[in-house]
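Heads up: numbering here begins at 1 and tracks the sequence.
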Amino acid sequence: MLKIETIAIKDLREHPANRKRFDAARLEELTASVKEKGILNPLLVWRNGKGCIVLAGARRMRAALGAGLAEVPCIVREDLDEKAAIELLVIDNLQREDVHALEEAEGYKLLHGKHKYTVEQLAAKVGKSVAYVYARLKLCELTSDAKKAFLNDRITAGHAILLARLKPEDQARALDPDGGAVFRYENLLFSPNGAEEDGLKDDPLTTCSVRELQGWIDSHVRFDTEKVDQMVFPETAEVLEAANEEEAKVLAITHEYVIPPEARTAGKILTYRSWKRADGKKKSKTCEHARPACIVIGYGRGEAF
């Protein structure tokens, strides 16, 4: 049975997995409403023997503090274990309009990693597609610099998803303004307010489009045939798995004439005039001596046949 109690704010604490970003303007509006009307919807609290942990209503608790309240109404749950409590917390966060994708991802990671939910189970729980939940989980593989840029709205979710698929060293390359992948310097003759200045304005950073980032990745990051993401490249994973079972060496190929230096470090790449497709698809002819290959750089990066 659910119990509604009035609990002192000093006795409440937030779960570490709760969201930590709150829209300042909306919080101010809620605080003003709480001052006038009080807390209309009780917080959801888990009493677990170690204290009263807020699972839903962290923003209301902050607003209550700002309004000078000493206590708030709470729906108290004592029938939960940690797994069920985390599930409630994550699902509640997902229902918020302003939840950040990275905080959403960290909630999924907690259920997936610590409590062994499969991606399919998570998708069913939150009413999202498997691909959506998987993409969110991948965001947890962003480097600290990439996460900072994402949380500060310097990059979008589209940028973040592409970066999360890269190794840490490649993420660092992509975020380097001198590389022009995510950020680039832009010289301005005028200040933002339109006032003309003497000489050029200091070089500010602008963010490239998601399409430009994808183009940079295709042209500058060698595809790793040893670690193929089956969700992103399902057909490639199937081809390479069959090649491994047959103990066949997978050739690295490209449609390009010139290979960037950073792509040459992991072995030879056959360029455009050095190979022909031989699987009978795309007007190609079959050949008994054909070997599996994967495009590792440039146009078609990640395709295997």
Side-chain angles (χ1 to χ4, degrees), residues 1-117 121-128 132-133 136-137 139-140 142 144 147-148 150-153 157:
M1 178 181 292
L2 298 180
K3 293 189 289 184
I4 298 181
E5 300 180 15
T6 299
I7 300 177
I9 294 179
K10 64 180 181 62
D11 294 331
L12 298 174
R13 63 186 180 90
E14 294 183 40
H15 194 285
N18 210 330
R19 60 184 182 138
K20 300 175 178 61
R21 286 167 49 97
F22 297 88
D23 184 280
R26 290 186 177 184
L27 183 57
E28 188 175 339
E29 290 175 3
L30 182 59
T31 301
S33 175
V34 169
K35 281 183 179 179
E36 180 183 353
K37 303 174 183 177
I39 298 291
L40 301 180
N41 296 314
L43 286 64
L44 177 61
V45 169
W46 173 37
R47 183 179 285 142
N48 64 358
K50 298 179 181 179
C52 295
I53 302 172
V54 177
L55 299 180
R59 196 166 70 100
R60 276 167 281 162
M61 185 175 73
R62 281 172 164 77
L65 275 171
L69 300 186
E71 53 188 23
V72 289
C74 301
I75 297 174
V76 180
R77 295 286 301 268
E78 297 179 336
D79 57 334
L80 302 174
D81 57 16
E82 185 179 2
K83 182 177 179 180
I86 291 295
E87 183 180 306
L88 279 174
L89 186 150
V90 171
I91 292 174
D92 176 74
N93 278 343
L94 288 177
Q95 295 172 343
R96 308 300 173 186
E97 292 181 3
D98 58 344
V99 64
H100 194 278
L102 193 55
E103 292 179 322
E104 181 184 355
E106 289 169 349
Y108 289 149
K109 182 181 178 182
L110 192 58
L111 289 173
H112 179 64
K114 186 174 182 180
H115 297 291
K116 309 305 178 186
Y117 279 72
Q121 288 172 330
L122 282 173
K125 286 284 185 184
V126 300
K128 302 287 187 180
Y132 176 92
V133 173
R136 285 294 187 264
L137 280 168
L139 293 177
C140 295
L142 290 169
S144 58
K147 287 180 179 178
K148 183 178 179 181
F150 191 20
L151 288 170
N152 290 335
D153 297 324

Please find the pair of heavy atoms, one from [X] and one from [Y], that lie closest to each other, and give the distance.
X    : Y    : value
R60  : I39  : O-CD1, 3.8 Å
A105 : C140 : O-SG, 3.5 Å
I53  : E14  : CG2-C, 4.1 Å
L27  : R62  : CD1-CB, 4.1 Å
T31  : A67  : CG2-N, 3.7 Å
E104 : R136 : OE1-NE, 3.2 Å

Parallel under 30°, tilted from 30 to 60°, perpendicular over 60°: which one fits the rings of Y132 and Y108?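 Y132 vs Y108 ring planes: perpendicular.
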Take E82 and K114, measure what side chain to side chain contact (heavy atoms under 4.5 Å, CB included) needs, and give me the verdict at the end. CA-CA 10 Å; E82 185 179 2; K114 186 174 182 180; 3.0 Å; yes
Between E5 and R47, is there a salt bridge with N-O shorter than 4.0 Å?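 Answer for the salt bridge query: yes.
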Looking at side-chain heavy atoms only, is the closest gap between [X] and [Y] below 4.5 Å?
X    : Y   : answer
L88  : R77 : yes
L122 : V90 : no
L30  : R26 : no

Please enumerate all residues that pass ring pair (Phe, Tyr, Trp, His ring centres under 6.0 Å) together with Y117, with sequence neighbours excluded. none
Listed by chain and number, what are the side-chain contact (heavy atoms from CB on, under 4.5 Å) partners of K10, not counting sequence neighbours?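 In terms of side-chain contact (heavy atoms from CB on, under 4.5 Å), with neighbours along the sequence ignored, K10 is linked to A8.
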Taking atom CD of E78 as the centre, does the number of heavy atoms from other residues, nucleotides or ligands within less than 6.0 Å exceed 12?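 Count over threshold, so yes.
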Per side chain to side chain contact (heavy atoms under 4.5 Å, CB included), L43 is matched among V72, I75, I9 by V72
